[in-house]
2 protein chains.
Amino acid sequence: MSGTETSPPSLSHRVPDLGAMVLLLAVARHGSLGRAARDVGISQPAASGRIRSMERQLGVALLDRSPRGSRLTDAGALVTDWARRVVEAAEAFDAGAQALRDRRDSRLRVAASMTIAEYLLPGWLIALRAERPGTAVSLLAGNSAAVALRLLAGEADLGFVEGLSIPEGLDGTVIAHDRLVVVVAPSHPWARRDQLTPGELAGTPLILREHGSGTRQVLDAALAVHGGLARPLLELSSTTAVKGAAESGAGPCVLSELALGEELSARRLVKVRVAGVRLRRQLRAVWPAGHRPTGPARDLLALTAGATHEP
Amino acid sequence: MSGTETSPPSLSHRVPDLGAMVLLLAVARHGSLGRAARDVGISQPAASGRIRSMERQLGVALLDRSPRGSRLTDAGALVTDWARRVVEAAEAFDAGAQALRDRRDSRLRVAASMTIAEYLLPGWLIALRAERPGTAVSLLAGNSAAVALRLLAGEADLGFVEGLSIPEGLDGTVIAHDRLVVVVAPSHPWARRDQLTPGELAGTPLILREHGSGTRQVLDAALAVHGGLARPLLELSSTTAVKGAAESGAGPCVLSELALGEELSARRLVKVRVAGVRLRRQLRAVWPAGHRPTGPARDLLALTAGATHEP
DNA sequence: TACCGGACATAAGACCAGCTTATGACCTCA
DNA sequence: TGAGGTCATAAGCTGGTCTTATGTCCGGTA
């Protein structure tokens, strides 16, 4: 039984697949394997076997089966909660992917900056789908200039941008705020500092996105009065690359709070406060000047307005 | 090709499986299908086919293939970011599940309250695994009293509790703060209020967890001077049930900020501020009085200390 | 007491998706 | 021009998951 292990079982082998997790959520909801099976569109024996093999795989009993139905065990409740997070992430993936696909024949064409497309838009799309099922949405991601271009060319109905100003020719409204935070690896000296002075931040080479990103624009403006931003330590092309470099100890970086989830709670990165500097930027919905959104675009706008991240 | 569709394709059919997502992340990291294949332990043709079928499924080109390697397209970068969130959730699932399984022969036995076990612990375990690979952890979830019991009986090495006080016989340290927030469905009248008075909150029947939960303890204490908590509208047994009831418009509820992720950004629930009331609670690591943690328990404690959610 | 119905488990066979190995085509660099 | 890297294609195998058909258990009810 324990001597013929061959390959290092990878994540996807240690974790039940999405279908199994969806099924588990259905069982938790309905209190019965059979009903859950019908809910997800498979037969009762299939559901039974699937949960059973999940229990075998995890080495934990998930259900208390009785002739009157099945209830979660304590461990099962915990597993179900963790599974719910995976399924929610998958739903966001799905919502985003559908918007990327639709391109043609979509009733709502959205253009959004990378940060917004990455972190916020999938959630909005899920909400939109719940309220207005059947609204086909297409998504195009790019920087502020590209978003403006699309809108003015009539190739997009609604745009989302981050940064300090509204691009020429557009009207817009602030839908949320986003805080920028300074983060370092736990081993970095700043990790033990209570807070920094703005001058220190300005004087230290940072890991940054390349020029033209919304993040950098805000940082420049905020530190202008403190001597301006030092020459960057590294200029990378994606948020992920910036995080990676900072985690491996290359130096401090500044990122949107939206981009920092797991890294903070797992303490792979730690926040450093900066005294007296408001590193905050607006996220805006935008549209061609004078053409207030109507139809599906108005629906989406109504959903996003007020989704402010910090009042 | 399009006329024999039969069953409603469920989420798990619309979304690539975990293995494919992990592979995509590897391709993004390595810039080559072949290298990514080796990284995840499959053959190059398998990787090629897998990515290709993912592209077919999503209806989007993910890679720019060249004889010098493969780079993500713009859409591919977005898809990869969304996939990363799914994989991270799966890693948290895995870390938690392993701790549930290990039970015996584990070098570190943790007892934690539900909220902490659900939202925080998996992240800590991932961090611990990164720093001290091979530390087998076992997890037992229960309320504060159960945690105390385990610790005092010598059946757990380290505990985590939420609430106002440290259980009798234990020492502890505050490792984080957690804000409680009042949330309602977007259709609720409070959703349009700028803020509430404490008296209003105290006077309104709320959806709550059953008695004895940490949340309720804090709420009681905070509103004691404002006339005390009204009789609950509903008492439910899980955080999820509370969220569900609030979303369907049953009434306002009070939840840990940790439990509210997607619901807020998708605007299925909205926060309501309460003037002048500090709905905040401490999350503490605890251990038997006089027995400061050593070994693996000390390692985990070091990781969690400072993972404060809001300074 | 006997029966009925709901719930879960088991068994046997069909089916499909993904893997592997072997090979080919293409580009770049020395 | 040949070597070494890239990705794609083809053929065959394997394993997991589904379905249908049935068995077992329990609780309520006449």
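Predicted, not measured: the structure shown is a model, and the values here were computed from it.
At a cut-off of 3.5 angstrom, the base of dA8(D) holds at least one donor-acceptor pair with the side chain of Gln44(B).
Residues Ala156(A) and Ala111(A) approach most closely at CB-CB, 4.0 Å, considering heavy atoms. In terms of heavy atoms, Ala97(B) sits closest to Leu58(A) at CB-CD2, 3.8 Å.
Remark: P of dG6(C) and NE2 of His30(A) are 17 Å apart, rounded to the nearest angstrom. Rounded to an integer number of Å, the gap from CZ of Arg35(A) to C1' of dG5(C) is 13 Å. In this structure, the CD1 atom of Ile51(A) is 16 Å from the C1' atom of dG16(D), given to the nearest Å. The distance from atom CZ of Arg71(B) to atom P of dG5(D) is 20 Å, rounded to the nearest whole Å. Atom pair Gln57(A):CD and dG15(D):P shows a separation of 17 Å (rounding to whole Å applied). For Leu62(B) and dC7(D), the CG to P distance is 14 Å, given to the nearest whole Å.
Listed by first then second residue, pairs satisfying salt bridge (charged side-chain N to carboxylate O under 4.0 Å, His left out) with a partner in residues 14-27 of chain B read Asp94(A)-Arg14(B), Asp17(B)-Arg50(B), not counting sequence neighbours.
Residue Ser48(B) places none of its side-chain N or O atoms closer than 4.0 Å to OP1 or OP2 of dC7(D). Checking the phosphate oxygens (OP1, OP2) of dA7(C), no side-chain nitrogen or oxygen of Ser70(A) falls inside 4.0 Å. Phosphate proximity of dC26(C) to Arg65(B): absent, as no side-chain N or O sits under 4.0 Å from OP1 or OP2. Phosphate proximity of dA9(C) to Arg52(A): present, with a side-chain N or O under 4.0 Å from OP1 or OP2. Using a 4.0 Å cut-off, no side-chain N or O of Arg68(A) falls inside it from OP1 or OP2 of dC26(D).
Closest to the Pro45(A) side chain, of the nucleotides dC25(D), dT10(C), dT6(D), is dT10(C). Side-chain atoms of Leu33(B) lie closest to dC7(D) of the nucleotides dC7(D), dC25(D), dC8(C).
Ring-plane geometry between Trp82(A) and Phe93(B) is classed as perpendicular, the angle between the planes exceeding 60 degrees on a 0 to 90 degree scale with a lower cut at 30.
Ion pairing of Arg65(A) with Glu55(A) is present here, as a side-chain N (NZ or NE/NH1/NH2) and a carboxylate O approach within less than 4.0 Å. Ionic pairing of Lys243(A) and Glu263(A) is present here: one or more N-O contacts between side-chain nitrogen and carboxylate oxygen are shorter than 4.0 angstrom.
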Contact list (N/O, under 3.5 angstrom) for nucleotides 15-19 of chain C vs protein:
residue: dC19(C); atom: OP1; partner: Arg50(B); partner atom: NH1; Å: 2.9

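In this structure, Glu131(A) places its CD atom where only 12 or fewer heavy-atom neighbours from other residues, nucleotides or ligands lie under 6.0 Å away. Counting non-hydrogen atoms of other residues, nucleotides and ligands closer than 6.0 Å to CZ of Arg29(B) gives a total above 12.
Residues Leu100(A) and Val79(B) form a side-chain contact, since some pair of their non-hydrogen atoms from C-beta on lies under 4.5 Å apart.
Taken over five-pair windows at either terminus, the axes of the helix from dT1(C)-dA30(D) to dA30(C)-dT1(D) are inclined to one another by 20° (rounded to 10 degrees).
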